[in-house]
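Notes follow once the structure below has been shown.
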Amino acid sequence: MTDDTHNTMFGNGDELPSNRSANPHIQDLVSLGRRKVLAGGAAFGALAFLGGIPAIAGAAEPTGTGSGLPFQRGTRLPFGAVSVTRADTVTVPSGYSAKTFIPWGTPICGSYPAYLEDASNTAEQQAQQTGMHHDGMHFFPMDAKFKGRKSDHGLLALNHEYINAPLLHRNGPSVVNSKRVDADEVRKEINAHGVSIVEIRRSARGEWAVLPTARNRRITGATPMRIEGPARGHELMKTRYSPSGTSTRGTLNNCANGYTPWGTYLTCEENWAGYFASRDTDLPRHLQRYGLRSTSRYGWETIQGDEFQRFDATASAEDPRADYRNEPNTFGWIVEIDPFDPDSTPVKHTALGRFAHEGLVFAPAKPGWPVVCYSGDDSQNEYIYKYVSRDRYRPLRSDSRLLDEGTLYVARFNPDGSGDWLPLDVEDAGFQQACAAANVEFADQGDVMINTRLAADVVGATKMDRPEWGAVHPDTGEVYFTLTNNSAREDAEAANPRAPNRYGHIIRWREAGRNHIGTQFQWDLYLLAGPQSDSRDPRGGPLNEDNILASPDGLWFDNDGRLWIQTDMSGSQLSTGPFGNNQMLVSDPRTGETKRFLVGPKGAEVTGITATPDFRTLFVNIQHPGEGSTSTDYTSVWPDGPGRRPRSATVIISRDDGGRVL
Ligand code: FEO
Ligand code: CA
Ligand code: CA
Ligand code: CA
């Protein structure tokens, strides 16, 4: 997303910071200046503590093998690094190919309406085609429900995070006096959001195709959803649409994703606050702390009709059940979708908290133990959370209900490399004490979850540099999180050691006793992104031409424990920095070796990653190529070529010899 377009109508910016809590940055507790931290303070001392990088690893060179190969013998990254480039294409290492798949507008269900290149498809047609702005994604093997590992047939579930309205409509959006005037246009925008479920099959020749089956489905910004967990039926969830506070319509700004041990898809509501407007002068805390404003990003609330008026959160009636003041409280959640049941109603799980959920990642589920998952709140100076279910995981018996009863914790990263998980539980004595000290009251656990950010402020969580994706190492259980950047950071501290943080970093932690349900952990910094002159690779040296990056965002472990990192640079960093277009790298935590694997087309973010179990196919999403394009002026023409609108799309990456990707 572009920083330059905050607040303007149709701008696609991230939300502005709304954490004005007195909640201290760590440096207020200890005087630990930037130089000291970078010179080897607690943060980097802890690297040795985690022991992820053997001492001999530092000797390995990324190139110059003498064998004629563009990589070191014995490396787990046996490919030649892709150079920084601003080419308007997807570049992968030699020996690999990248093919475009299901770009925006691909017909997947209903009457399979063809994509019209002048963008004149109707709202109804858009609801039968893939949406815009592909993001988080997961491949479900067709036999996933029974722990199967089928690799040539499955369901691809993918998010459509937001839209570029100038490209979505033939001549861009119609606006008169700052008001929307065309209901079908607005409906098309709502329908271009959400999730696509697509049944796909790989032929013997390795070619993937969409199968026209009844499993294919579009979930949009208007699809009915059920609300579960502590906020179900809460006073603050009651609306004209759902006077009982138990349902809502649609999911929006679905960024990263997750998947459960029982074979369902999770989509995460990130920058949803900008879809709503409230003209009330004194906003209640559950709107104020999430940055609601008097105007919305797309102006959906400016057109008549209940389906649009719900985006107007102004208190206009006597009773909250007669207006939409509470509609924004039905967003900001983790949404579960059963991809195998096209008739199922998606569920918003309120026990997982309400914030700008980037994604959700599970620790490996162990039979007989609670399930544990992690989620970041991607806004400047927000927090990282962990959920531990009350009930235990039972393979083939557990389901969605594990996400409705449990404890939500928020992270405090101490400057000495230790960390604490602080419960946000209305019945916890420590939480009650913190609330009393801060003079903050919560009526019940539903109130705590609707006001998750405030609850985290109260217990003294650590303000982070925009937490994005998380990934859990399949063998060590260590949890890695990207912190993409933070231009609003004024004071450096151990876990966020640069102020401002222009380039971002990756933090990781190990739960005490390697037990994910505990409340203590040890953390360190895996890498500091940036140019050669201001970065640190996992071995302790600066990054080099094969791996400089900025604004890390997407993060994923393959089954062999290699960490895949995707970037989301924007603005001047993207247009004039030394990093070229957005990219994807692979890093081996065993050795620290890190190499660029892919570079995306112009103006695109590289985000979303999943693979078939046999690892012969890697799926990656390219979001908003040619960001900033209008209906007549394209800054990228990927993937369709000259004269044609740029489109977000999935790319399918495979080895030319048909073998495993790595
Ligand atoms: Fe949608 Fe935080 O990226
Ligand atoms: Ca994005
Ligand atoms: Ca993201
Ligand atoms: Ca991002």
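Both ligands and their constituent atoms are indexed starting at 1 by order of listing. We use all heavy atoms of the structure for the numbers below, so side chains are in, but hydrogens, waters and symmetry mates are not.
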In Glu468, the N/O/S atom nearest atom 2 (Fe) of ligand 1 carries the name OE1
To atom 2 (Fe) of ligand 1, the closest N, O or S atom belonging to Glu270 is OE2
Result for side-chain contact (heavy atoms from CB on, under 4.5 Å) between Cys255 and one of Glu270, His357, Gln623 points to Glu270
I'd like to know whether the aromatic ring centres of His193 and Tyr275 sit less than 6.0 Å apart in this structure.
yes
Notebook entry, point to check: With ring centroids as reference points, do Tyr96 and Phe597 lie under 6.0 angstrom apart?
Noted result: yes
> Is the distance from atom 2 (Fe) of ligand 1 to the nearest N/O/S atom of Asp553 under 2.8 Å?
Replying inline: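 No, outside the cut-off.
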Under 30°, 30 to 60°, or over 60°: which ring-plane class applies to Trp523 and Phe413, parallel, tilted or perpendicular?
-> perpendicular
- Message: Against the six-membered ring of Tyr634, is Lys602 placed for a cation-pi contact (under 6.0 Å from the centre, within 45° of the normal)?
- Response: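 So Lys602 doesn't make the cation-pi contact.
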field: the Ca ion (ligand 4): angle it makes with OD2 (Asp568) and OD2 (Asp553), nearest 10 degrees
entry: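 If I round to 10°, I get 90°.
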Could you confirm whether Glu270 has any N/O/S atom lying under 3.0 Å from the Ca ion (ligand 3)? no
Closest to the Ca ion (ligand 3), among the N/O/S atoms of Glu358, is atom OE2
With rounding to 10 degrees, Asp378 OD2, atom 2 (Fe) of ligand 1 and Glu358 OE1 define an angle of 110°
| task | Indicate whether the side chain of Asp553 and that of Thr482 have a donor and an acceptor atom separated by less than 3.5 Å. | result |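 Distance-only check fails for Asp553 and Thr482.
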Would you mind naming the N, O or S atom of Glu468 nearest to the Ca ion (ligand 4)?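 Going by distance to the Ca ion (ligand 4), the closest N, O or S atom in Glu468 is OE2.
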